Visitor: 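What follows is a single structure, and I will ask about it in a moment.
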Number of protein chains: 2
Amino acid sequence: MPVGRRPGSYVCGIDAAMDVIGGKWKVLILWALDAYPSSRFGELRRLVPGVTEKVLTSHLRELEQDGIVHREVYEEVPPRVEYSLTPLGTSLNAALVPLGVWGREHVLEG
Amino acid sequence: MPVGRRPGSYVCGIDAAMDVIGGKWKVLILWALDAYPSSRFGELRRLVPGVTEKVLTSHLRELEQDGIVHREVYEEVPPRVEYSLTPLGTSLNAALVPLGVWGREHVLEG
DNA sequence: GTGGGTGGTTACCTCAAGGTGAGTGAGCAG
DNA sequence: CTGCTCACTCACCTTGAGGTAACCACCCAC
């Protein structure tokens, strides 16, 4: 179960990490799941304004394959699916904090 | 002189930072300029295997516009152009270190 | 029956990032 | 003379990520 979409072709760690978070909305999904753990699909759609259902689905599937998010299906009617960060996802988010601080200080306030 | 390609439309700091480093080869360029300061164009082309001249040029231009790299032209024959990280670029690279460590530990060695 | 909410799937389309290959013009090696 | 280096520029083309919209089964409230 390799992490990343092009295993074995990474030049360095940043290159590899960029591949995992490279989707247009992935860091926003991670940010949302960090702020609101165990979110349902519809909640995420509202938490990440602008993302379409198709793209949200595919991003979540990729993050799940990479071991970043956990997908829990409850066999109920109506169906319920909850997404949460795995420990790996939590560690990824922690590694993203300095980048977020940099962006806030130098891009948003720049 | 705004930093980033879509000023004013960022949701959060990570979103903004991702825009600055969003090019396919930008983090590799930053990594190369950190390891080999004041590199010439041809050196960068060799340090970032696979990048084409056109894309390397445009990525360097964008990084220059964002205040990440400095471009120094020496009016000589043959022409000489040296690229280096600005203080802002150095701080960006510092903010990328944890992400690089994460990628090395969890993707490359995963 | 109509509409809404649940969590998706499917087919189709767009568009911009990136790749390809040629050209530039001065100088230098062979 | 040929070809290479330097640091690009230009015109063209490809590709795939992402966007659009329809559709699915199921249930509830109105």
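Keep in mind it's a predicted model, so treat the numbers as computed, not measured. Here is the naming used below: chain letters follow the sequence lines, and residue numbers restart at 1 for every chain.
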Visitor: Give the rounded distance in Å between these two atoms: CD of A:Glu62 and P of D:dG16.
Guide: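 About 14 Å, once rounded to whole Å.
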Visitor: From NE2 of A:His59 over to P of D:dA17, roughly how many Å is that when rounded to an integer?
Guide: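 Rounding to the nearest Å, NE2 of A:His59 and P of D:dA17 are 10 Å apart.
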Visitor: Check whether B:Thr86 reaches the backbone of B:Gly67 with its side chain - one donor and one acceptor, N or O, closer than 3.5 Å.
Guide: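 Yes; judged by distance alone, with no hydrogens or angles, the pair exists.
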Visitor: To the nearest angstrom, how far is A:Leu60 atom CG from C:dG8 atom P?
Guide: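 Taking CG of A:Leu60 and P of C:dG8, I get 8 Å after rounding.
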Visitor: State, to 0.1 Å, how close A:Ala32 and A:Leu44 come at their nearest heavy-atom pair, and which atoms those are.
Guide: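 Residues A:Ala32 and A:Leu44, closest heavy atoms: CB-CD2, 4.1 Å.
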Visitor: Can you tell me the distance, in whole Å, between the CD atom of B:Glu75 and the P atom of C:dG25?
Guide: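 For the pair B:Glu75 CD and C:dG25 P, the rounded distance is 17 Å.
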Visitor: Closest heavy-atom contact between A:Ser9 and A:Asp15?
Guide: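 Distance-wise, the nearest heavy atoms are O-OD2, 4.1 Å.
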Visitor: Start at the 5' end of DNA chain D and walk down; is the nucleotide closest to B:Arg61 or to B:Arg46 reached first?
Guide: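 First, find each residue's nearest nucleotide; the 5'-ward one identifies B:Arg46.
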Visitor: Mind listing the closest non-hydrogen atom pair of B:Pro98 and A:Pro98 along with its distance?
Guide: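 That would be CG-CG, 3.6 Å.
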Visitor: By the 4.0 Å heavy-atom rule, please label B:Tyr83 as base, sugar-phosphate, or nothing.
Guide: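 Since only primed, P, OP1 and OP2 atoms lie under 4.0 Å of B:Tyr83, the category is sugar-phosphate.
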Visitor: Where is the tightest heavy-atom contact between B:Leu88 and B:Asp66, given as atom of each residue plus distance?
Guide: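 What the structure gives for the nearest pair is CD2-O, 3.6 Å.
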Visitor: Going 5' to 3' along nucleotides 20-30 of chain D, which nucleotides have protein heavy atoms under 4.0 Å from the base (write B), which only from the sugar-phosphate (write S), and which from neither (write -)?
Guide: B------S---
Visitor: So which of residues 21-40 of chain A are in contact with DNA chain D, with a heavy-atom cut-off of under 4.0 Å?
Guide: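 The answer is A:Gly23, A:Lys24, A:Trp25.
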Visitor: Distance check needed: C:dG27 P versus B:Glu76 CD, whole Å only.
Guide: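 So the CD-P distance, B:Glu76 to C:dG27, works out to 13 Å.
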Visitor: Please round to the nearest 0.5 Å and tell me the distance separating atom OG of B:Ser91 and atom CG of B:Leu85.
Guide: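 Reported to 0.5 Å precision, the distance equals 9.5 Å.
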Visitor: Hey, quick one: are A:Met18 and A:Trp31 part of the same hydrophobic cluster, counting side-chain heavy atoms closer than 4.5 Å, chains of contacts allowed?
Guide: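 Hydrophobic grouping puts A:Met18 apart from A:Trp31.
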Visitor: Among B:Arg46, B:Arg45, B:Glu82, which residue meets the side-chain contact (heavy atoms from CB on, under 4.5 Å) test with B:Arg40?
Guide: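 Exactly one option meets the side-chain contact (heavy atoms from CB on, under 4.5 Å) with B:Arg40, and it is B:Glu82.
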Visitor: Quick one: B:Arg45 CZ to C:dT20 P, roughly how many Å, whole number?
Guide: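 So the two atoms are 14 Å apart, to the nearest Å.
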Visitor: Within this structure, what is the CG-to-P distance between B:Leu56 and C:dG18, rounded to whole angstrom?
Guide: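 In whole Å, C:dG18 P lies 12 Å from B:Leu56 CG.
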Visitor: Identify the two heavy atoms, one from A:Trp102 and one from B:Ala95, that lie closest to each other, and give their separation to 0.1 Å.
Guide: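 So the minimum-distance heavy-atom pair works out to CB-CB, 3.8 Å.
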Visitor: Between P on C:dG7 and CG on A:Leu47, what's the gap in Å once rounded to a whole number?
Guide: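 The distance from CG of A:Leu47 to P of C:dG7 comes to 13 Å, rounded to the nearest Å.
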